[in-house]
Amino acid sequence: QVQLVESGGDSVQPGGSLKLSCKASGHLYSVNCVGWFRQVPGQEAEGVAAYYQRGDKAYYSDSVKGRFTISQASAKNWVYLEMNNLKPEDSAMYFCAADRRLTCWSGRDISRYDYTGQGTQVTVSS
């Protein structure tokens, strides 16, 4: 089992920045993919970023590419999502997720990864 706890969500103005953190614990040796997805009530979850640990490769949705950066601590017990130039449409609950499989992005739904945290709220408004 893997446990994930997110933090860092806040209310910011458009153009602002936030850095979300995700503390991971448990059987981390089994994890190959980590990622972030977001969800607005009444809408489908949207995967925004994923990171393939073995290949040191990051993936991003078109909606956040160039603005968001996913990273992981060397000890693999922290995953971060740095968000810049935030827009009102970025407002959502953000969830950290982890998975044991080797394919992290193409054809994958991050909201259906093996493990998911409780989420942290991000609100972007003036």
Side-chain angles (χ1 to χ4, degrees):
Q1 289 291 324
V2 173
Q3 294 77 43
L4 303 169
V5 179
E6 303 93 336
S7 61
D10 205 345
S11 294
V12 296
Q13 293 186 343
S17 298
L18 278 177
K19 185 173 183 177
L20 305 183
S21 301
C22 173
K23 181 170 175 56
S25 59
H27 297 167
L28 302 183
Y29 61 85
S30 67
V31 172
N32 287 303
C33 303
V34 292
W36 292 87
F37 68 94
R38 62 190 182 187
Q39 189 160 27
V40 175
Q43 298 183 18
E44 290 189 3
E46 177 191 10
V48 296
Y51 178 71
Y52 176 47
Q53 297 179 356
R54 293 193 187 188
D56 189 23
K57 186 169 177 60
Y59 307 87
Y60 300 94
S61 66
D62 289 342
S63 61
V64 307
K65 195 173 296 181
R67 300 187 297 121
F68 289 15
T69 303
I70 187 171
S71 61
Q72 186 177 39
S74 57
K76 299 184 179 180
N77 58 341
W78 286 94
V79 181
Y80 304 100
L81 184 68
E82 185 164 2
M83 307 185 294
N84 297 311
N85 190 20
L86 283 161
K87 305 175 181 181
E89 52 263 41
D90 294 319
S91 298
M93 185 73 80
Y94 283 72
F95 298 87
C96 176
D99 198 89
R100 295 166 292 180
R101 280 166 282 191
L102 298 177
T103 301
C104 301
W105 187 256
S106 180
R108 295 297 312 278
D109 182 346
I110 298 177
S111 69
R112 295 186 179 276
Y113 272 16
D114 293 329
Y115 310 105
T116 303
Q118 298 289 332
T120 186
Q121 179 69 38
V122 172
T123 302
V124 185
S125 70
S126 54

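- To the nearest 0.5 angstrom, F37 atom CZ is 4.5 Å from T116 atom OG1.
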Next item on the list: Go through D56 and Y51 one step at a time and tell me if the side chain to side chain contact (heavy atoms under 4.5 Å, CB included) criterion holds.
Entry: CA-CA 7 Å; D56 189 23; Y51 178 71; 2.4 Å; yes
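- Q118 CD: 12 or fewer foreign heavy atoms inside a 6.0 Å radius.
- Distance check: L20 CG to E82 CD gives 10.0 Å after rounding to the nearest 0.5 Å.
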Margin query: As a quick check of understanding, evaluate side chain to side chain contact (heavy atoms under 4.5 Å, CB included) for T103 and Y52, giving each step before the final call.
Written below: CA-CA 8 Å; T103 301; Y52 176 47; over 6 Å; no
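- Residue D99 holds its CG atom at 8.5 Å from OH of Y115, rounded to the nearest 0.5 Å.
- One N or O on the side chain of H27 and one on the backbone of Q1 form a donor-acceptor pair closer than 3.5 Å.
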Checklist line | Evaluation steps, side chain to side chain contact (heavy atoms under 4.5 Å, CB included), between Y29 and K76 | finding: CA-CA 9 Å; Y29 61 85; K76 299 184 179 180; over 6 Å; no
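- A side-chain donor-acceptor contact under 3.5 Å links Y113 to the backbone of C104.
- Considering only heavy atoms from C-beta on, Y94 stays 4.5 Å or farther from E6 through its side chain.
- A heavy-atom distance below 4.5 Å is found between the side chains of P14 and P88.
- Using a 4.0 Å cut-off between a side-chain N of Lys or Arg and a carboxylate O of Asp or Glu, R101 and D114 qualify as a salt bridge.
- Contact between I110 and A50 at its shortest, heavy atoms only, is CD1-CB, 4.0 Å.
- Distance alone, capped at 3.5 Å, places no donor-acceptor pair between the Y80 side chain and the A73 backbone.
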Next item on the list: Let me see the working for K23 and W78 under side chain to side chain contact (heavy atoms under 4.5 Å, CB included), right down to the final yes or no.
Entry: CA-CA 5 Å; K23 181 170 175 56; W78 286 94; 3.7 Å; yes
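- Relative orientation of the Y59 and W105 rings is parallel, given thresholds of 30° and 60° on the angle between their planes.
- Side-chain atoms of R38 never come within 3.5 Å of backbone atoms of V48 as a donor-acceptor pair (strictly under, hydrogens ignored).
- Taking every heavy atom of both residues into account, A49 and Y60 meet most closely at CB-CD2, 3.8 Å.
- Of the candidates L18, D10, L81, L18 is the only one forming a side chain to side chain contact (heavy atoms under 4.5 Å, CB included) with V122.
- L28 and F95 fall into different hydrophobic clusters, where Ile, Leu, Val, Met, Phe, Trp and Tyr are joined by side-chain heavy atoms under 4.5 Å apart, directly or via other members.
- Between the OG1 atom of T123 and the CE atom of M93 there is a distance of 9.0 Å, given to the nearest 0.5 Å.
- Test R100, Q53, R54 against N32 for side-chain hydrogen bond (donor to acceptor under 3.5 Å, both in side chains) and you get one pass: R54.
- Nearest heavy atoms, S30 versus V2: OG-CG2, 4.4 Å.
- At distances below 3.5 Å, not a single donor-acceptor pair connects side-chain atoms of Q72 with backbone N or O atoms of V79.
- E46 and S63 share a side-chain donor-acceptor pair at under 3.5 Å.
- At distances below 3.5 Å, at least one donor-acceptor pair connects side-chain atoms of S91 with backbone N or O atoms of V124.
- Closest of all the heavy-atom pairs between N84 and S17 is OD1-OG, 2.9 Å.
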Next item on the list: Could you please spell out the steps behind the salt bridge (charged side-chain N to carboxylate O under 4.0 Å, His left out) verdict for D90 and K87?
Entry: CA-CA 5 Å; D90 294 319; K87 305 175 181 181; over 6 Å; no
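- Between the side chain of N85 and the backbone N or O of G15 there is no donor-acceptor pair closer than 3.5 Å.
- Closest non-hydrogen pair, C33 versus L102, comes out as SG-C, 4.4 Å.
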